[in-house]
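Keep in mind that what you see is a predicted model, and the values were worked out from it rather than measured. A, B, ... follow the sequence lines: proteins, then strands. Residue 1 opens every chain.
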Amino acid sequence: MLDMKFIRDHLDEAEQRLATRGGEPCLAGFRQLDERRRSLLIESETLKAQKNSVSEEISKVKDKSRVADKIAEMKTVSARIKTLDDELKTVEDELQHLLLTIPNLPHHSTPIGRSEADNVVVRSWGEPPSFSFEPKNHWEIGEQLGILDFERAAKITGARFALSKGAGARLERALISFMLDLHTTEHGYTEVLPPFMVNRASMTATGQLPKFEEDLFKLVDPDFLLIPTAEVPVTNIHRDEILKRSELPISYTAYTPCFRREAGSYGKDTRGLIRQHQFNKVELVKFVHPAESEAELEQLTGHAERVLQSLELPYRVVALCSGDIGFSACKTYDLEVWLPGQNAYREISSCSSFGDFQARRGSIRFRDDDKSKPEFVHTLNGSGLAVGRTLVAILENCQRADGSVVIPKALRPYMGGLENITTP
RNA sequence: GGAGAGAUGGCCGAGUAGGUCGAAGGCGCUCGCCUGCUAAGCGAGUAUACUGGGAAACCGGUAUCGAGGGUUCGAAUCCCUCUCUCUCCGCCA
């Protein structure tokens, strides 16, 4: 959510910066609602002040019959207040809804652009491997090795679900442990294991609601939603809190499954593990001082990169342009891993700074010292990494002509020393 | 699922025959004083949001005692609904 006072004072600038995202202008109607709200508020509050002081006078008089006229007058005033407050509530609801559907302002360092094509490659790491044979897709490799079973997953649930078995299941578990261990022991993150379903307030704070409800899986009876990313429960750990300056930065890492409807992506990545309704992910989440958020984003991105480097998987870092960053983000780096089966780099991590956008929605604040006013923290998060896609990258990059797959050295301790996955 | 109890400021905890309560008291914290140091002691201060005025310091108004409605001139206190927490029983990984 943007700062209402900022929009009030910089309407044109805000609209211009939002325009770099593409899409419709979204601030139309703001000024009118805002002015209406304030005029209602002033009238209502003036009457309330009057009512309060007269009520106090009444309280001092023992014989109420002597103030019958005042009581009658206040009855009218109360009725008027009620009318004003009803309208005020309507206006505030509309204003609130408007504010909740306006995306974040792109950071000044975010490249301006209209689409994916305008993203900027910042750096690359590693060399795509060369093969003396035609490299296969991960689903071919996985099915041949008997570690991935899409047919049975479809029987159990439906399309876009996967069943991993044997060394495949173990490899996923190994990746999760490996990533969590790396982030906790070397990067200073605290491991958390949050709920996988959350309430609407949490989804609203991080920005999935109210605009993107169709992307979420919902429960029917308690009105809970399955998390599309650990960002949601983990960022909400500190919703409605005032932190101490000395506590910042707070760094959490969490493994969770993620549930996404993938509405509107029909026909994209229909085969394999790339786009699933449920996938595993290890997430990094930070709460930082506003002055440090830019540096923290670089660091956090580096932490995600470390996973790929440790696994010796070639990747590149891409700065998303204004037209391609997410609703809540002001700046995003995507990590794209090389996939020989697709002969392309594909997203495996997305690291973003949200500025105070989520903090304002979720009222996550800190106090610089005991005397100062609370300020909003900045929140950041990034995948560290998407586990399913990491498995894809390993299968495709580490495949050999005979169909077997070499397990990256860093993972072998987590695989009971296993060095290769071979056909049974 | 059944029965009961409760939700007050950073924390603990008063306050329910409705009236001057943003809310006693204590703890904590901040500043000052005092004392070789520390502890103890003394004094002052210590919520948030919105809003009006002001360049600002700051001054004023409104709201907030789990959330939302209602009764009333007036509600932390009365009524209704919801949420959450705790205890006991049942069930269960």
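Within the 4.5 Å cutoff, side-chain heavy atoms of A/Leu148 are placed close to those of A/Leu395.
Atom NZ of A/Lys82 and atom P of B/G74 are 13 Å apart (whole Å).
RNA chain B is contacted by both A/Asp86 and A/Glu92; A/Glu92 maps to the nucleotide lying nearer its 5′ end (nearest heavy atom per residue).
Listed nucleotides: B/G74, B/C50, B/U48. Nearest to the side chain of A/Ile242: B/U48. Closest to the side chain of A/Arg365, out of B/C73, B/U48, B/G70, is B/U48. Nearest nucleotide to the A/Arg38 side chain, out of B/C73, B/U51, B/G70: B/U51.
Rounded to whole Å, the separation between the C1' atoms of B/G6 and B/A63 comes to 26 Å.
Of the residues in residues 42-52 of chain A, A/Ile42, A/Glu45, A/Lys48, A/Ala49, A/Asn52 come within less than 4.0 Å of RNA chain B through at least one heavy atom, sorted by number.
Judged by distance alone, with hydrogens and angles left aside, the side-chain atoms of A/Thr90 form a donor-acceptor pair with the main-chain N or O of A/Asp86 at under 3.5 Å.
Listed pair A/Arg367 / B/U48 meets the phosphate criterion, a side-chain N or O lying under 4.0 Å from OP1 or OP2. Not one side-chain nitrogen or oxygen of A/Lys75 sits closer than 4.0 Å to the OP1 or OP2 atom of B/G74.
Using a cut-off of 4.0 Å between Lys/Arg side-chain N and Asp/Glu carboxylate O, A/Arg36 and A/Glu87 are scored as salt-bridged. Here A/Glu143 does not pair with A/Lys136 in a salt bridge; the nearest charged N to carboxylate O distance is not below 4.0 Å.
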Task: RNA chain B base-pair string [pairs: Watson-Crick or G-U under 3.5 Å; |: paired with another strand] - done: ((((((((.[[[..)...(.....]]]((((((.......))))))(((((((....))))))).[[[[[..)....]]]]])))))))....
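Closest approach of A/Pro290 to A/Phe366, counting heavy atoms only: CD-CE2, 3.6 Å.
To the nearest 0.5 Å, atoms CG (A/Leu284) and CD (A/Gln299) are separated by 11.5 Å.
A/Ala230 meets the side-chain contact (heavy atoms from CB on, under 4.5 Å) test with A/Val234, A/Ala254, A/Thr256, A/Glu283; sequence neighbours excluded. Checked against side-chain contact (heavy atoms from CB on, under 4.5 Å), A/Leu41 has the following partners two or more places apart in sequence or in another chain: A/Arg37, A/Glu45, A/Leu88. Applying the ring pair (Phe, Tyr, Trp, His ring centres under 6.0 Å) criterion to A/His183, with sequence neighbours excluded, gives A/His187, A/Tyr189.
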Atom pairs, protein N/O to nucleotides 17-21 of chain B N/O, distance under 3.5 Å:
from, atom 1, to, atom 2, distance (Å)
B/G19, N2, A/Ser55, O, 3.1

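There is no side-chain donor-acceptor pair under 3.5 Å between A/Thr422 and A/Ser404.
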